J.: 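Let me give you the structure first, and then I'll get to my questions.
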Amino acid sequence: MKKKIALIFGVTGQDGAYLSRFLLNKKYIVHGVIRRSSSFNTSRLEDIYEDPSLKNRKFILHYGDLIDSSSVSSLISKIMPDEIYNLAAQSHVAVSYTIPEYTSNVDGLGTLRILDAIKSINKKKIKFYQAGTSEMFGGTQKKSQNENTPFDPQSPYAAGKVFAHTITRIYRNAYGIYACNGILFNHESPLRGETFVTKKIVKGLTKIKLKKQKKLYLGNLYSKRDWGHAGDYVEAMWKMLNQKKPNDFVISTNKQYTIKQFINIVCNKLKIKIKWRGKGLNEKGFDQNNNCIIQIDKRYLRPLEVHNLRGDFSKAKKILKWRPKRNLNQLVEEMIDYELKNNGQ
Ligand code: NAP
Ligand code: GDD
């Protein structure tokens with residue numbers, strides 16, 4: 001049987017690394033788009049990287065950029081994939097307030113560039129996955145959110161993603177493209193970017209445990225997040241593209257924790273006896289020797305915060321037969337083990 005071909009925009013990111021391995025295991029030929037960088041940016045792909053001189057490669061990387069329409073359309077028409085996964089984004093919410101125009105260009109218009117290329121060369125019925133986000137629910141008052149919850153974006157990042165979600169739906173309805181929006185809640189792993197809060201906490205506290213760092217500076221400790229494992233979530237992306245009809249799905253765990261609860265879980269596993277004192281900006285975490293190990297730094301507070309995210313994944317459970325395999329405890333243990341193996345480097 002002819003092997004399926006996938007094209008991943010954002011292959012060098014956390015999800016790109018997990019999805020590539022997942023699709024290679026399913027015997028796909030995987031093409032990935034990387035950006036030109038002054039230093040190597042493929043560290044998450046080291047064990048699946050194939051030298052360009054090899055014949056019959058299963059994993060092939062190409063230069064391209066979502067803000068360059070010609071690279072997007074020429075890659076799609078050259079590769080003619082069965083499935084396109086758009087995971088590429090300026091994905092940091094806080095940074096999106098600093099570079100709003102760039103973020104909107106990549107996260108919003110970038111999606112349109114791919115869809116337009118599919119529309120004009122869609123002889124082969126290319127399927128499309130858009131990496132949507134729970135951040136789109138932003139300021140919602142609903143305790144838990146599903147596919148029918150109205151969006152209320154609170155950042156340039158979320159505004160760009162709402163555009164991408166909407167244009168994906170419009171291209172599906174107007175042109176019959178098999179296009180799906182995943183609305184994924186936070187998902188983490190040992191490969192998570194270092195400036196996202198779970199990785200920052202696990203890495204920072206591991207270093208503190210190993211006496212390689214004294215203190216960790218954080219922002220808001222009271223926002224609530226629904227954290228799953230990236231490895232479980234990429235399977236849902238693939239399932240969405242392998243149904244009879246395209247559709248949009250929330251992918252989540254339906255459990256939520258505050259940042260402070262996450263810190264307490266990590267401390268417990270690292271056998272750090274954390275004690276909290278003070279309130280507001282003066283709240284601090286101390287270890288058993290009364291050393292201050294956690295402190296608030298105003299620089300990490302956002303102009304607008306998303307306070308409450310908890311996803312109801314009933315639709316994915318019913319139609320995709322998907323459910324998360326790993327819970328928060330397993331996720332945290334895996335993340336800590338990885339940091340300990342790397343000796344807090
Ligand atoms: P990530 O680790 O930040 O990876 C983002 C990827 O996009 C990287 O490969 C990055 O390349 C690439 N990229 C950035 N700008 C680009 C551009 N102009 N052209 C082409 N590629 C570009 O993000 P992630 O955590 O894997 O998330 C994957 C996607 O899911 C993102 O769209 C994110 O917004 C969305 N999402 C993530 C979560 C989550 O909790 N992880 C939840 C919901 C939705 P470089 O390596 O060169 O920077
Ligand atoms: N990054 C960061 N750094 N966040 C902090 C810090 C800190 O020092 N201190 C507290 N936080 C709080 C943030 O204010 C936010 O409420 C929460 O921790 C989570 O922040 P992030 O880990 O940066 O994730 P996010 O929820 O803003 O965004 C991630 O998840 C989205 C899905 O809901 C990203 O992966 C987005 O790309 C994704 O769409």
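Because the structure is predicted, anything quoted here is derived from the model rather than measured. Just follow the structure's listing: the first ligand is 1, and inside any ligand the first atom is 1.
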J.: Output every pair passing salt bridge (charged side-chain N to carboxylate O under 4.0 Å, His left out) with a member in residues 222-240, not counting sequence neighbours, ordered by first then second residue.
T.: Glu135-Arg225, Arg225-Glu305, Asp232-Arg326, Glu235-Lys325

J.: Show me the donor-acceptor pairs, under 3.5 Å and distance only, between side chains in residues 245-252 and residues at least two apart or in other chains.
T.:
unit_1 : atom_1 : unit_2 : atom_2 : d
Asn247 : OD1    : Lys315 : NZ     : 2.8
Asp248 : OD1    : Arg172 : NH1    : 2.8
Asp248 : OD1    : Asn181 : N      : 3.0
Asp248 : OD1    : Asn181 : ND2    : 3.3
Asp248 : OD2    : Arg172 : NH2    : 3.2
Ser252 : OG     : Gly311 : O      : 2.8

J.: Any N or O of Asn186 that comes nearer than 3.5 Å to an N or O of ligand 1?
T.: no

J.: May I ask you to identify the nearest protein heavy atom to atom 16 (C) of ligand 1, giving residue, atom name and distance to one decimal place in Å?
T.: Arg35 CD, 3.5 Å

J.: When you measure from atom 20 (C) of ligand 1 to every protein heavy atom, which one gives the shortest distance, and what is it?
T.: Leu66 N, 3.6 Å

J.: Between the side chains of Tyr222 and Glu283, does any donor sit under 3.5 Å from an acceptor?
T.: yes

J.: Any luck finding a side-chain donor-acceptor pair between Tyr300 and Asn220 under 3.5 Å?
T.: no

J.: Among all protein heavy atoms, pick out the one at the shortest distance from atom 21 (N) of ligand 1; state its residue, atom name and that distance to 0.1 Å.
T.: Ala88 CB, 3.4 Å

J.: Do we see a donor-acceptor contact under 3.5 Å between the side chains of Gln145 and Ser134?
T.: no

J.: Among Leu19, Val11, Leu87, which one puts a heavy atom closest to atom 29 (C) of ligand 1?
T.: Leu87

J.: Name the orientation class of the two ring planes belonging to Phe262 and Trp227 (parallel below 30°, tilted from 30 to 60°, perpendicular beyond 60°).
T.: tilted

J.: May I ask you to check whether Arg192 has an N/O atom sitting below 3.5 Å from an N/O atom of ligand 1?
T.: yes

J.: Tell me which protein heavy atom sits closest to atom 2 (O) of ligand 1, plus the residue, atom name and distance to 0.1 Å.
T.: Gln14 N, 3.1 Å

J.: Do Lys26 and Trp238 meet the cation-pi criteria used here (NZ or CZ under 6.0 Å from the six-membered ring centre, within 45° of the axis)?
T.: yes

J.: Heavy-atom distance to atom 36 (N) of ligand 1: which of Phe196, Tyr157, Phe185 wins?
T.: Tyr157

J.: Name the residues with a heavy atom less than 4.0 Å from ligand 2?
T.: Ser91, His92, Val93, Thr133, Ser134, Glu135, Tyr157, Asn186, Arg192, Thr195, Phe196, Val197, Lys200, Leu218, Gly219, Asn220, Ser223, Arg225, Ile259, Tyr300, Arg302, Glu305, Leu309

J.: Report yes or no: is the cationic atom of Lys260 (NZ for Lys, CZ for Arg) under 6.0 Å from the centre of the six-membered ring of Trp276, at an angle within 45° of the ring normal?
T.: yes

J.: Could you identify the single nearest non-hydrogen protein atom to atom 5 (C) of ligand 1 and state the distance to 0.1 Å?
T.: Ala89 O, 3.7 Å

J.: May I ask you to say whether Arg21 pairs ionically with Asp47, meaning some side-chain N is under 4.0 Å from a carboxylate O?
T.: yes

J.: Go through the structure and list residues passing ring-ring contact (aromatic ring centres under 6.0 Å, His included) with Phe286, not counting sequence neighbours.
T.: none

J.: Note the single closest protein heavy atom to atom 32 (O) of ligand 1, along with its residue, its atom name and the distance in Å.
T.: Lys161 NZ, 2.8 Å

J.: Of Ser134, Gly13, Ser91, Ser71, which has the heavy atom at the shortest distance from atom 23 (O) of ligand 1?
T.: Ser91

